[in-house]
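To find a chain, count down the sequence lines: A is the first, B the second, and so on, and within it residues start at 1.
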Number of protein chains: 2
Amino acid sequence: MFPLDRTDRVLLHALQADGRATVKELGAAAGLSPSAAHERVRRLQRAGVVTGVHAALDPSAVGIGLQALIQVQLTRHSRETLASFREHALSLPETLAVAHVTGAMDFLVRVGVRDSDHLRDLALDAFTTRPEVARLETAIVYEHVLATHWPVVTRDER
Amino acid sequence: MFPLDRTDRVLLHALQADGRATVKELGAAAGLSPSAAHERVRRLQRAGVVTGVHAALDPSAVGIGLQALIQVQLTRHSRETLASFREHALSLPETLAVAHVTGAMDFLVRVGVRDSDHLRDLALDAFTTRPEVARLETAIVYEHVLATHWPVVTRDER
DNA sequence: TGTGAAAAGCAGCCTGC
DNA sequence: GCAGGCTGCTTTTCACA
């Protein structure tokens with residue numbers, strides 16, 4: 001694991017809060033010169049600690065009137081079946097997130113749709129038709145909030 | 001709803017793929033001059049279509065060895081109970097996402113922990129002790145993938 | 001790893017279509 | 001609503017500590 005010190009944590013925090021922050025701002029937050037902050041940010045990216053910087057959109061602004069959680073139980077649990085369903089779910093334009101989990105249901109797919117008609121069409125056309133799918137259970141998502149600040153749960157306090 | 005044309009969609013797509021892209025690059029992707037791209041990006045931000053730009057981190061790099069989905073059934077469904085549990089869940093450093101959903105379970109909280117000991121401590125100390133919580137069901141998350149490209153599901157093709 | 005200076009490139013603004 | 005030019009700031013590199 002890439003060792004993260006206090007300065008790295010400050011930089012990561014700042015980049016999670018505002019991914020477009022300038023190196024100058026990041027440096028100021030971490031008590032570093034712009035060039036030093038730049039070097040550290042580049043290193044964090046090269047080391048794969050920062051996997052990317054992405055814009056977050058307002059669901060309703062892009063036509064998503066409804067979010068749902070489609071819980072899927074597979075017919076079989078072979079590697080092929082899992083991989084095949086995973087790929088399919090990720091390929092759907094409505095898919096916002098895919099989770100492969102333990103328990104009665106194998107996959108949870110969070111989707112963004114226009115309305116309940118769109119949701120029904122999606123469930124019937126893109127899920128129940130699949131040979132991998134044994135059972136579906138769909139829940140409406142009233143609200144979904146992503147944490148914008150991941151803590152560094154490591155204990156070392158370097 | 002803010003009207004989005006083809007050019008806006010290209011800009012949004014580019015910003016989702018790389019939130020640190022320069023206005024020059026965004027313009028090139030959309031077939032626009034840097035100044036025009038800049039103007040449109042600013043408008044998309046002011047209109048709230050782009051709610052923010054955030055760095056994504058590698059879970060294992062920040063000490064998250066395990067992710068779990070804690071499903072919570074509440075004792076009561078009053079506005080106060082819902083709000084109180086929601087706030088509590090969002091305040092936990094381990095929380096990665098919170099969803100309020102329909103169905104047997106009321107909330108789904110995705111958490112990032114070091115290991116199974118950490119998960120047990122979290123469940124016992126931060127969930128089962130809460131008066132709002134009637135029942136817990138915890139599932140291990142083998143894999144979680146967030147879509148980095150939200151489609152614009154609107155139909156108008158302006 | 002960090003600083004500071006210098007060069008290159010970009011953002012931000014303005015003017016004219 | 002867009003292009004092009006201008007100015008100041010930011011990024012990026014490099015020598016040095």
Side-chain angles (χ1 to χ4, degrees), chain A residues 1-58 60-63 148 151-152 154-158, chain B residues 1-58 60-63 148 151-152 154-158:
Chain A
M1 190 193 304
F2 191 84
L4 300 171
D5 63 11
R6 177 110 206 80
T7 306
D8 289 320
R9 284 199 277 266
V10 172
L11 292 174
L12 291 176
H13 191 169
L15 274 174
Q16 283 184 95
D18 178 11
R20 282 188 86 82
T22 63
V23 213
K24 192 187 178 187
E25 291 165 341
L26 295 172
L32 241 53
S33 69
S35 54
H38 181 241
E39 171 59 23
R40 287 188 96 126
V41 168
R42 264 203 353 190
R43 189 173 313 177
L44 288 170
Q45 289 175 322
R46 267 191 285 112
V49 178
V50 174
T51 56
V53 178
H54 311 283
L57 308 186
D58 175 14
S60 67
V62 294
T148 53
V152 174
T154 322
R155 296 139 194 263
D156 71 71
E157 273 305 325
R158 257 170 303 187
Chain B
M1 190 194 304
F2 191 84
L4 300 172
D5 63 11
R6 179 108 203 81
T7 305
D8 289 319
R9 285 198 276 266
V10 173
L11 292 174
L12 291 175
H13 190 170
L15 273 174
Q16 283 184 94
D18 178 11
R20 281 187 86 81
T22 64
V23 197
K24 193 187 179 187
E25 291 165 340
L26 295 172
L32 239 52
S33 70
S35 57
H38 182 241
E39 170 59 24
R40 288 187 95 123
V41 168
R42 265 205 351 190
R43 189 176 313 176
L44 289 169
Q45 288 176 323
R46 268 191 285 111
V49 178
V50 174
T51 56
V53 178
H54 310 284
L57 308 186
D58 175 14
S60 67
V62 295
T148 53
V152 174
T154 322
R155 298 143 196 261
D156 71 70
E157 275 304 324
R158 257 172 304 186

Check whether any side-chain heavy atom of B:V41 lies under 4.5 Å from a side-chain heavy atom of B:V23, and answer yes or no. no
List the residues meeting salt bridge (Lys or Arg N to Asp or Glu O under 4.0 Å) with A:D8, not counting sequence neighbours, and say none if there are none. A:R40
What's the separation between atom CD in B:E25 and atom CZ in B:R20, rounded to the nearest 0.5 Å? 11.5 Å
A:F2 side chain reached by B:D58 side chain, heavy atoms, under 4.5 Å: no
Would a 4.5 Å heavy-atom cut-off, applied to side chains only, mark B:T51 and A:L57 as touching? no
With the side chain counted from C-beta on, respond yes when B:R46 and B:R42 share a heavy-atom pair under 4.5 Å apart, and no when they do not. yes
In numerical order, the residues of residues 14-24 of chain B whose heavy atoms come under 4.0 Å of DNA chain C are B:T22, B:V23, B:K24
Heavy-atom nearest pair, A:T148 first then A:Q16, reads O-CB, 3.2 Å
Within residues 30-53 of chain B, which residues have any heavy atom lying less than 4.0 Å from an atom of DNA chain C? B:S35, B:H38, B:R42
